[in-house]
Structures are given as structure tokens and as C-alpha cells.
Amino acid sequence: MRELSASAPPAPGSTGAAPLPGVKEAPWDRTLGASRVLFGSGQIDCLGQVAADLGGRRVLVVTDPGIRQAGHVARAEAALGKAGLEVIVFDGVEVNPTTRHVEAGVACARQAGIDLIVGLGGGSSMDCAKGINFVLTNGGRMEDYWGTGKADHPMLPSVGVPTTAGTGSEAQTYALIVQEATHAKMACGDEKARFRAVILDPDLTASLPRRQTAVTALDAMGHALESYVCTRAGDASRRFAREAWRLLEMSLEAALADPGDGDARARLLWGAHLAGAAIDRSMLGAAHACANPLTARHGVEHGVAVALMLPHVVRFNGEARPERYAGLAGAAEGAAGPEALARRVEELRAAGGMPAQLREVGVSESSLDSLAAEAAGQWTAGFNPRPVGKADLEQIYRRAY
């Protein structure tokens, strides 16, 4: 077990004190990250003690039916119960949670009188947990918190427990919640929404199907590459992103070849966490700006959409700003540069059996113009290292088509 704090650089391990193969001592910044991060096999069993240390007595676990079916909810309930805590489970979360899911979770929390929240699952569960925390403690609607720093009152202590190596939501202060009526994805951020503790247990990712392992890892790779090159990137975020990319790129194929490879899964989980930390300190770019309308309008799974667009955005940026990618290791030959990175993403996408063209996921050529218009209005588009407008984004979509 490794317990990390924001005051010391973490040196992750799988179990015991030995460093995890392939994981270097990771960069850490006392102003970035949760107050506690527990990393290692079996750390879900510490959830009860972590929650009790934060003052929890009546705990709301925010999750989804798949996580319950996988047995992770029962394990969380057991750990919380062992610490003498009362547990209320809200498992109504769906992929890309909307304001409707947040409202249902808030109603459940209010009725139970909870005093601590656990987000257990992928990014959807953790984002929904943050959204519930916003509205439960500060009132109003989710739309009131669209933007940054709009929560005036303290929020409940919360714990993030990811079961996928993907979104890095556990390392971020933002909740991404879809507006039910318009399908707009709202980024609602506040330092008070940060999980006070995070449990990174690679055992929880072992239940992921092979395809989902690839989908979530490629989403995390998109986070690493875009946060490294975006206009808000700084020294700290680039250190996080560089190490995240290294761990993810070196581990995905091993995890796909052998789902029981605990070391590979641990590296993926740690890499995804660092990529989330990089986003929290910087921003994303055009790949995510293009991916969001694909999800909202065509139902393309977010990680699939990112993987479809990312190589083309890397090449587009590299045509004008190749120096932005300097310092990121390329594929097996260790080369650096946009083309090597784009090809490596394509190789990993293929290894995961994911689609390579927009036409494969039911996107029509006639829709590219409207997709580009919507992508141009996405918040992340404004932080792309090469300025993009509607015409540029349509060009990128056509390359992916």
C-alpha cells in the first residue's frame, strides 16, 4: 500500500514497498491533488477508515448498476460498514450523466441526511458525485455552477474511487454534467469540489472488458497529449502529462494481451490519474472539442470519439506547432514528434479493436459541417495550440471521415 500526500512526491507501488515496474517517482505539487491518495492492490478495503477520518457517518455511494453487478459496491459497503458507517447507495448514474441524474441523486442524499459522498466508478459516477455535492450544499440547479468558482458555501467531504483507468476525474475539481434539454456538456468547477481523498486500487479495473480497457486508456492518452500542448500548459502540468503518456503508452498493449497483468493495470491507473492532474492544472484542445459533439449528437462513446479524432488533431497541430510535442516519447523507437505520436495512437486504437473512421460509427458526411460549427463553440477549442475555427475543424473531421 502507498499512501501519498500533497506534501511529498509519490512513489507508487503495486503492493508492499517495492516500486511498481515502469513507474518512476512521479511529479507532485502540494497545490495539486487530493489531501490523501491511497494507491495499491486491495486499497478499497481502506475506504471505511478513510471516510471515518474525514468525519463521515452517513455515506452516500454514487455509482451505476454495472459497478454494483461487478461486486465493487458490495466491497465498498463492507469496508464502510466495518468502520461503523451507515451506507446509502445511489446507483442511478448512466454514461454522460445529465442534470436529471444529479437531481435524482440530490433527492436521495437529502432524504438520507448524508454527510459524506463517495464517487465509485468511472468518470460518470465521479462527475455525478461532484454534481450532487454542488447542488446539495449550495442549492439551486447544476446550471448555476457552469464555469469556475461559483459555489459560495462549503461542500461535503468526498472520496473518489475510480474503477477505470480513463477519465482522471478523481484528480480534478470539475464535474462534467450534460444539460438534459440541450445536450450541452457543462464544466462545473470549484476547488471545494475536489475529492478530499482518492483510492486508486488497480484490482477494481480488472473487471473491465477488454474493449473498455482500451476505450478508457485512450481517453486518458488524449488527456495527456492535449494537456501537454494546450495554451494553458505549464511546467507542472507538462511533467504530469509527460509521465502519464509514458505509463499509458507502455502499458495498454500488455493489459490487453493479459487482463491479469496487475502491473500493467496499475500503470494504466496511475497514468490516468496523472493525466487527470495535468488537465486540472491546464486544459484540453481540439480533439475533445471535436469529440463532444460526436457524443452529444451521434451517441459515439466519449473515449471512442477522442480516439477517432486525436491522431488527426495531433497532425493538424504538428503542421504549425511541432515544437509543442517536444519531450514526449514516441512509439517503440523512442522518437519524438507529432507524426510518431499520431501513428502510435493509431496503433493502440487498432490494438483495442476500435473504429478508425467516422463513417464506421454511423456519422454521415453531410453532418460534418454542423459538427464543425458545434465543435468551434466548445470551450476546449479555445486552448488548442494551433488556433482553430469552424473551417479548420471541418477539415479535421474530413480527415477522420
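All figures in this text were calculated on a predicted structure; none of them were measured in a lab. Worth knowing before you read on, the calculation uses all heavy atoms, side chains too, and leaves out hydrogens, waters and symmetry mates. Sequence positions, counted from 1, serve as the residue numbers for this chain.
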Exam field: side chain D201 to backbone G42, donor-acceptor pair closer than 3.5 Å: yes

Between A286 and L393 the two heavy atoms that sit nearest each other are CB-CD2, 4.3 Å

Check whether any side-chain N or O of N292 sits under 3.5 Å from a backbone N or O of A375 as a donor-acceptor pair, and report yes or no. no

When you measure from the side chain of K192 to the backbone of A151, do you find a donor-acceptor pair of N or O atoms at a distance under 3.5 Å? yes

Short N-O contact, D203 and R265, less than 4.0 angstrom: no

Any carboxylate oxygen within less than 4.0 angstrom of a Lys/Arg side-chain nitrogen, looking at R386 and E319? yes

CZ-CG distance between R349 and L252, expressed to the nearest 0.5 angstrom: 13.0 Å

Give a yes or no on whether the backbone of G285 and the side-chain of T380 come within a donor-acceptor separation of less than 3.5 Å. yes

Hey, what do you get for CG (L208) to OG1 (T213), rounding to the nearest 0.5 Å? 4.5 Å

Hey, is CD on Q69 packed in by over 12 heavy atoms from elsewhere, all under 6.0 Å? no

Would you say that L120 contacts S125 through its side chain, given a criterion of any heavy-atom pair below 4.5 Å between the two side chains? no

Please find the pair of heavy atoms, one from G389 and one from A376, that lie closest to each other, and give the distance. C-CB, 4.5 Å

Quiz question: by atom type and distance under 3.5 Å, do the side chains of Y174 and T148 form a donor-acceptor pair? yes

So does D190 pair up with K150, basic N to acidic O under 4.0 Å? no

At their closest point, which heavy atom of T163 faces which heavy atom of G122, and how far apart are they? OG1-N, 3.6 Å

Quick check: does any side chain N or O of E346 sit under 3.5 Å from a backbone N or O of P311, one acting as donor and the other as acceptor? no

salt_bridge(K82, D45) N-O dist < 4.0 Å: no

For atom CZ of R399, is the number of surrounding heavy atoms from other residues, nucleotides or ligands below 6.0 Å larger than 12? yes

Give a yes or no on whether a salt bridge exists between R75 and E77, defined as a side-chain N under 4.0 angstrom from a carboxylate O. no

Counting N and O atoms only, with roles assigned by atom type, does the side chain of D91 sit under 3.5 Å from a partner on the main chain of T63, one being a donor and the other an acceptor? no

Taking all atoms of both residues into account, what is the closest heavy-atom pair of Q378 and A289, and its distance? CG-O, 3.4 Å

Going by atom types alone, do H101 and E94 pair a side-chain donor with an acceptor below 3.5 Å? yes

For the residue pair R196 and R36, establish whether any side-chain heavy-atom pair is separated by less than 4.5 Å. no

Please tell me if the side chains of H298 and V361 come closer than 4.5 Å, counting only heavy atoms from C-beta onward. no

Which residues pass the ring pair (Phe, Tyr, Trp, His ring centres under 6.0 Å) test with F316, not counting sequence neighbours? none

Report yes if some heavy atom in the side chain of S237 is under 4.5 Å from a heavy atom in the side chain of Y228; otherwise report no. no

Output, in order, the C-alpha distance, side-chain angles, deciding distance and verdict of side chain to side chain contact (heavy atoms under 4.5 Å, CB included) for L60 and I132. CA-CA 10 Å; L60 179 70; I132 291 168; 4.3 Å; yes

Side chains of D152 and N138: do they bring a donor and an acceptor to under 3.5 Å? no

Please check if the side chain of S282 supplies one atom and the backbone of A278 the other of a donor-acceptor pair under 3.5 Å. yes

Which residues pass the side chain to side chain donor-acceptor pair (under 3.5 Å) test with S251, not counting sequence neighbours? R267

In terms of side-chain geometry, is the basic nitrogen of E86 or R57 positioned less than 4.0 Å from the acidic oxygen of its partner? no

So does D369 get a backbone contact from the side chain of Y397, meaning a donor-acceptor N/O pair under 3.5 Å? no

Answer whether the closest heavy-atom distance between the side chains of S207 and H72 falls below 4.5 Å. yes

For K390, is there an ion pair with E374 - N to carboxylate O distance below 4.0 angstrom? no

Aromatic ring centroids of W270 and F39 under 6.0 Å? yes

So, do L47 and V159 sit near enough that their side-chain heavy atoms are less than 4.5 Å apart? yes

Closest non-hydrogen contact found for N96 with S124 is N-OG, 3.2 Å

I'd like to know if the side chain of R324 reaches the main chain of C230, judged simply by a donor and an acceptor atom lying under 3.5 Å from each other, with no hydrogens or angles considered. yes

Under a 3.5 Å distance rule, please check whether S227 uses its side chain to pair with a backbone N or O of M283 as donor and acceptor. no

Is R141 paired with E103 through a side-chain N to carboxylate O contact shorter than 4.0 Å? no

So E394 and L371, do their side chains get closer than 4.5 Å, heavy atoms only? no

Working to the nearest 0.5 angstrom, can you tell me the gap between H288 NE2 and W379 CH2? 13.0 Å

A255 to A264 - nearest heavy-atom pair and separation: N-CB, 3.9 Å

In terms of side-chain geometry, is the basic nitrogen of R246 or E243 positioned less than 4.0 Å from the acidic oxygen of its partner? yes

Do T167 and D219 meet the criterion of a side-chain donor-acceptor pair at a distance under 3.5 Å? no

Can you confirm whether W245 sits close enough to L341 that some side-chain heavy atom of one is under 4.5 Å from a side-chain heavy atom of the other? yes

Atom CZ in R359, atom CG in L308: separation rounded to 0.5 Å? 11.5 Å

Gap between atom CZ of F134 and atom CE of M142 - 0.5 Å precision: 5.5 Å

For a quick check under 3.5 Å, do S169 and Q172 share a side-chain donor-acceptor pair by atom type? no

Does this structure show an ion pair linking E170 with R194, if we count only N-O contacts that are shorter than 4.0 Å? no

